[in-house]
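Worksheet for the structure shown next.
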Amino acid sequence: MSLSDDVLRHRFQGCLLGLAIGDALGGKFEAQSAEGIRARFPTVSSLIDYPQEEIWYTDDTQMAIGVAETLADHGEIVERHLCTAFASNYVPSRGYGRGARAVLEAMEEGRDYRQVAEQYFPGGSYGNGAAMRVAPVGLLFRDDQSRLWEQARLSALPTHLHPLGIEGAQLLALAVALGSHSQSLDRDTFFTNLLTACQSAAYRTKLEEAARVRTADDLSHLGNRIEALESVPTAIASFALTPESFEETVSHVIFVGGDTDTLAAMAGAVSGAYLGIDRLPQRLVGLVESSPKGRSYLLELADRLFARHRQLTPAA
Ligand code: F2R
Ligand code: MG
Ligand code: MG
């Protein structure tokens, strides 16, 4: 049974707000150890209830906004428009990866950013920066998997040329699309779909392990680092472990420590695409920053992306 327009629009909103909340909540602990975080926040509710003031997102959401703006305006990834969006949204204090910073500064200054990317990490970056921003691709192309796969690749290319950086983005986009379709998540079908799309032995091994995760403690074996291979499967596994609870999905992956903003941004985007905005913690939705590209803008951007989706895929 297909979802009504209202339900689907709420899932688009849930995805972008879920990403921003995960990013902002996790951003308070980026690079901290699992033990340190657990000592301060022994339970899910202690972590979720912790913010008392506006929460501010990091580079993860800021770059996802650039992807969403490009897709909403043009209906597909056009590299020059994507780079313009990345450069005009760029605020270094949001905490970018060092390679990404060099590439974005080249974009801003009109230099050859592709050459900078190739030289900075020969063979390309395999950081999780392409995966952390790809969720809007998963939403817009949720009904066309081959287009989704190609568009996710194009969205990665300006900064991430390494196959593992690209495939991490493709898998995360697919997880968002699958989440946005599901009415009641069937874990086996979810992982079978991801494994069928998977191209590399490295991700296959990780996703098979992710499919076997049964407790939050198992998540740490999948990785918590800044590399896509060491974080994308972890975020997907956290969603699949507790699909009916955004709070648990995001908290469990923050409790893993390390790259907590990005783990929680990715897990939060998939969770929000499945649950929709109404099933996110409303107190945290209300605390998302009220800056010009804060909460209200994200909701409006999700609506614009949904309208573009309806143009590409009219309701049945
Ligand atoms: N970078 C951060 N946080 C660090 C703290 C920021 C601090 N507050 C500040 O302001 O300086 N967070 C963000 O970066 C991650 C996404 O990174 P992205 O966009 O993938 O960047 P990059 O530089 O391409 O890759 C990240 C690191 O991965 C390693 N790496 C990647 N490719 C490599 C290769 N071919 N060879 C060796 N190493 C490679 C490097 O350590 C890169 O620095 C997110 O966590 C986001 O939140
Ligand atoms: Mg970040
Ligand atoms: Mg991060």
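Fair warning: this is a prediction, and the values are worked out from it, not measured in the lab. First listed ligand is number 1; within each ligand, the first listed atom is number 1.
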Tyr297 versus Glu69, side-chain donor and acceptor atoms under 3.5 Å: yes
query: Between Thr196 and Asn193, is any side-chain donor less than 3.5 angstrom from a side-chain acceptor?
result: no
message: Considering Asn128, Asp60, Thr58, Asp23 one by one, which has a heavy atom nearer to atom 16 (C) of ligand 1 than any of the others?
response: Asn128
- request: Identify the protein heavy atom lying closest to atom 6 (C) of ligand 1, giving its residue, its atom name and the separation to 0.1 Å.
  value: Gly95 CA, 3.9 Å
query: Counting only N and O atoms by type, is there a donor-acceptor contact under 3.5 Å from the side chain of Ser238 to the main-chain atoms of Ala235?
result: no
query: For Arg80, does the CZ atom sit with more than 12 other heavy atoms under 6.0 Å from it, leaving out its own atoms?
result: no
query: Can you check whether Ile226 has an N/O within less than 3.5 Å of an N/O in ligand 1?
result: no
Test: Arg304 and Asp73 ion pair at under 4.0 Å: yes
query: Looking just at side-chain N and O atoms, do Asp259 and Ser231 make a donor-acceptor pair shorter than 3.5 Å?
result: no
message: If you measure every N or O of Glu30 against every N or O of ligand 1, does any of those distances drop under 3.5 Å?
response: yes
- prompt: Which atoms of the protein, restricted to N, O or S, are nearer than 2.8 Å to the Mg ion (ligand 2)?
  reply: Thr58 OG1, Asp59 OD1, Asp60 OD1, Asp261 OD2
Atom indices of ligand 1, in the order listed, that fall short of 4.0 Å to a heavy atom of Gly124: 35 (N)
task: Mind checking whether His160 contacts ligand 1 via backbone (N, CA, C, O), side chain (CB onward), both or neither, at a 4.0 Å heavy-atom cut-off?
output: side chain
query: Is it true that atom CD of Gln282 has more than 12 heavy atoms of other residues, nucleotides or ligands lying nearer than 6.0 Å?
result: yes
- prompt: Counting each atom of ligand 1 from 1 as listed, which ones have a heavy atom of Thr262 under 4.0 Å away?
  reply: 44 (C), 45 (O), 46 (C), 47 (O)
query: Is there a path from Leu298 to Val270 through hydrophobic residues (I, L, V, M, F, W, Y) whose side chains come within less than 4.5 Å of each other?
result: yes
- request: Examine the proximity of ligand 1 to Thr159 and report which part, side chain or backbone, both or neither, has a heavy atom under 4.0 Å away.
  value: neither
task: Note the single closest protein heavy atom to atom 46 (C) of ligand 1, along with its residue, its atom name and the distance in Å.
output: Asp59 OD2, 3.0 Å
Donor-acceptor pair between Tyr274 and Glu244 side chains, under 3.5 angstrom: yes
field: Protein heavy atom at shortest distance from atom 41 (O) of ligand 1
entry: Arg98 NH2, 3.5 Å
task: Check whether the ring centres of Phe121 and His162 lie less than 6.0 Å apart, and answer yes or no.
output: no
message: I'd like to check whether Phe121 has a polar contact with ligand 1, where a contact means an N/O of the residue lying under 3.5 Å from an N/O of the ligand.
response: no
message: Rounded at 0.5 Å granularity, tell me how far CZ in Arg310 sits from CG in Leu8.
response: 5.5 Å
message: Distance under 4.0 Å to a non-hydrogen atom of Ser125: what atoms of ligand 1 satisfy this?
response: 22 (P), 24 (O), 25 (O), 31 (C), 32 (N)
message: Is it the case that the side chain of Arg11 and the backbone of Gly179 share a donor-acceptor pair, with hydrogens and angles ignored and the cut-off at 3.5 Å?
response: yes
task: Answer yes when Glu150 and Arg153 have at least one side-chain N-carboxylate O distance shorter than 4.0 Å, and no when they do not.
output: yes
query: Does an N or O from Tyr126, backbone or side chain, lie closer than 3.5 Å to an N or O of ligand 1?
result: yes
message: Once you measure the plane-to-plane angle for Phe29 and Tyr50, does it fall in the parallel (<30°), tilted (30-60°) or perpendicular (>60°) bin?
response: tilted
query: Cationic tip of Arg279 within the cone over Phe246's six-membered ring, i.e. under 6.0 Å and within 45° of the normal?
result: no
message: Would Asp259 count as being in polar contact with ligand 1, using the rule that some N or O on each side must be under 3.5 angstrom apart?
response: yes
message: Would Pro92 count as being in polar contact with ligand 1, using the rule that some N or O on each side must be under 3.5 angstrom apart?
response: no
Protein heavy-atom partner closest to atom 11 (O) of ligand 1 - residue, atom, separation in Å: Arg101 NH1, 3.4 Å
- request: Could you tell me which atoms of ligand 1, counted from 1 in the order shown, lie closer than 4.0 angstrom to a heavy atom of Gly129?
  value: 16 (C), 18 (P), 19 (O), 20 (O)
task: For ligand 1, indicate whether the residue Tyr96 contacts it via side chain, backbone, both or neither (heavy-atom separation under 4.0 Å).
output: backbone
message: So is Met132 touching ligand 1 or not, going by heavy atoms under 4.0 Å?
response: yes
field: Polar atom proximity, Gly99 to ligand 1 (N or O, under 3.5 Å)
entry: yes
- request: Check whether the side chains of Thr260 and Gln32 place a donor and an acceptor atom closer than 3.5 Å, and report yes or no.
  value: no
NZ/NE/NH1/NH2 to OD/OE distance under 4.0 Å, Lys206 and Glu227: no
- prompt: Atoms of ligand 1 less than 4.0 Å from Asp261 heavy atoms?
  reply: 47 (O)
task: Find all atoms of ligand 1 within a distance of less than 4.0 Å from any non-hydrogen atom belonging to Gly97, and give their numbers and elements.
output: 1 (N), 13 (C), 14 (O), 17 (O), 21 (O), 23 (O)
